[in-house]
Every structure is written in C-alpha cells, then in structure tokens.
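Predicted model, so just to flag it, every value in this text is computed and none were measured. When reading the values below, keep in mind they use all heavy atoms of this one structure, side chains included, and skip hydrogens, waters and symmetry mates. Both ligands and their constituent atoms are indexed starting at 1 by order of listing.
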Amino acid sequence: MNKQFKLLAVACSLGFSSVALAVPTDLTPWSNEGNGSWSVAADTHSVFQSINGDPTVFYSDFNGQGRQLSGSITVETTGDDDFIGFVLGFQPGDIAAAATDFILIDWKQNDQNIGCSAGHTGNQGLAISRVTGGLSVFNDAWCHEGSVSELARGTTLGNVGWNDNQTYAFDLIFNASNIQVKVDGALELNINGSFADGRFGFYNLSQSSVRYSAIEDTVAPPPPGGVPVPAPLALIGLGLALLARKNRKAA
Ligand SMILES: [Ca+2]
Ligand SMILES: [Ca+2]
Ligand SMILES: [Ca+2]
C-alpha cells in the first residue's frame, strides 16, 4: 500500500468511527399530557395512542436540543383523518400553560374546517408551527391560529395528507438555530431561527390508533452552513488531493 492510499484509508476509518450511532430510545420514562392514552410496547421502543380527542402529547424524559430522534409512524385505522405529529422544545405542563415556547410539527390527512377564523382552516398536509400559549384552545391547534403560528409547510407534503395504514420513517433534527424534519429520508422542513430547548414529544389531535415504532436517538448533525469541516473530512480531502496529484504525475 503506498503512502497516499494509507493516508486515505486512515482518513476514511476516522470518518466512519466519528459517526455517532443511534441507540434505541427507552420510552418507559416518557410522560403524557392531554386527552390521550399512550401504551408503550414490551420492546420499550414503540408506543400506541388510542383516543380520538383533544390534543395529547407523549414527551421524553430528556431535553432534545443537539439530538436527532428517528423512527416510524403509522395510523392503523381507516376511520378518521385528523392530526398526527411531534413537538420539540416541549416543557412539562405546556399543553395547558398560558405562556409557552415550543415547536409543533403536525400532519393532517384531509382538509376540515371546524369554524376557524377567516383565512385559516384545518389543512391537510405537513406543517411546522410555534406555540406560544399551550394547546388547550381546540381551534388554535386545529386551525393554526391564536397561540399556534405556522412557520412553514412541507416541501412536498405541505398539502399532501398521510395515508391510512402506511408506515412512514421520520427524522427530527433539533438544534438551537435550525430544525430539520425528514419523511422517508426526504427533507420536508428546514427552518432557521432561535429555538428554546425542551423535550421531544409525539402529538395527536382528534386521531386514534397512531403507532410510533423503532424509536431511536443520537447526536444531531450540525446545522447547515457556517460550520467548520470536521477534521476527518478534511483529511479525506487531503488524501484525495494527494492521489489526484500522483495520478497527474503518472499520466
Ligand atoms: Ca382515514
Ligand atoms: Ca376529522
Ligand atoms: Ca377525529
């Protein structure tokens, strides 16, 4: 093995070893608020919510900032068409609190207006919102009005509802200045801002039979832009440059 190939091999091994591995998330210490019934499976990495009712959140026992939460989500019924999703930066008590600062990521199957204010409706599709006054006012959560301010809608799923009995992979990447949400590996939401730390949570509104499975968490990748190249990547670049120079000399 020549020197350049050795350098490249070392750089590659450093690069791979620096990738943090996701670990299964134990959901048994998580807590629920609101009108839901959350049953953790025996494997401790899956949970099923069975009530069609007011907003409910099932939230982690750790703060989410700087971490990535991944898994899959399935609505295991054909009988309804309402909201499933997630919260980020949630604090215990936030469902009913008068003043909050957390992020709501919700996904509705079909359009449905329940008496929203002018210019609002319960839109089908995936959206991200900031919640500044809890979720105890039903219309605020449903219509994205009042205490729920919509920030963005999904790139391809912004106006596309979820399908009954279809399992979707999700990734939630939560940093202080950037949030990314992927569905089946595609980046749907990518917003910059200043986000308060708090818990990860699962969210249902007026939707039963929602299963979150194979939940795992890991260190979040850094937000895009303005981030120094990690040393292993710089070494790989150096290795490639040396190889290119050697090849040019040989040619
Ligand atoms: Ca349905
Ligand atoms: Ca409905
Ligand atoms: Ca419903």
Side-chain angles (χ1 to χ4, degrees), residues 30-41 46-59 71-88 90 94-96 100 102-129 131 133-170 172 181-184 186 188-189 200-215:
W30 289 35
S31 306
N32 74 81
E33 284 183 9
N35 185 24
S37 175
W38 299 84
S39 303
V40 176
S46 302
V47 64
F48 183 78
Q49 199 292 111
S50 61
I51 291 180
N52 169 27
D54 289 347
T56 180
V57 167
F58 185 66
Y59 62 87
S72 65
I73 183 170
T74 315
V75 179
E76 298 182 344
T77 179
T78 59
D80 207 348
D81 61 355
D82 294 322
F83 292 93
I84 61 175
F86 310 92
V87 291
L88 302 177
F90 188 86
D94 269 357
I95 273 214
T100 65
F102 68 90
I103 294 295
L104 171 67
I105 296 147
D106 63 4
W107 192 9
K108 195 175 187 313
Q109 186 176 40
N110 290 319
D111 288 338
Q112 187 179 358
N113 194 326
I114 57 160
C116 302
S117 303
H120 296 266
T121 191
N123 287 313
Q124 72 180 30
L126 180 72
I128 189 166
S129 303
V131 182
L135 294 170
S136 55
V137 178
F138 192 88
N139 277 30
D140 286 3
W142 191 284
C143 309
H144 294 178
E145 63 183 43
S147 65
V148 179
S149 304
E150 200 168 291
L151 302 174
R153 298 193 69 86
T155 305
T156 62
L157 298 175
N159 296 300
V160 177
W162 46 265
N163 289 326
D164 301 327
N165 294 303
Q166 180 169 339
T167 296
Y168 299 91
F170 68 82
L172 310 174
V181 178
K182 297 177 184 175
V183 178
D184 287 342
E188 285 288 335
L189 296 162
F200 282 117
F202 303 144
Y203 166 81
N204 293 169
L205 165 56
S206 193
Q207 183 60 54
S208 73
S209 306
V210 186
R211 191 180 304 278
Y212 297 77
S213 296
I215 305 305

> Is any protein N, O or S atom closer than 3.0 Å to the Ca ion (ligand 2), and if so, which?
Replying inline: D81 OD1, D82 OD1, D82 OD2, Q112 OE1

> For R153, what residues pass the side-chain contact (heavy atoms from CB on, under 4.5 Å) criterion, not counting sequence neighbours?
Replying inline: N123, A127, H144, E150, N159

>> T74: which residues meet the side-chain hydrogen bond (donor to acceptor under 3.5 Å, both in side chains) condition with it, sequence neighbours left out?
In response: T167

> Which one of Y203, F58, Y59, W30 satisfies the ring-ring contact (aromatic ring centres under 6.0 Å, His included) criterion with F90?
Replying inline: Y59

> With sequence neighbours excluded, what pairs up with Q124 under the side-chain contact (heavy atoms from CB on, under 4.5 Å) test?
Replying inline: N110, D111

> Checking side chain to side chain contact (heavy atoms under 4.5 Å, CB included) against S208, which of N52, D82, D80, V75 comes through?
Replying inline: N52

> Can you name the N, O or S atom of D164 that is closest to the Ca ion (ligand 1)?
Replying inline: OD1

> How long is the span from the CD1 atom in I73 to the CG atom in N204, to the nearest 0.5 Å?
Replying inline: 7.0 Å

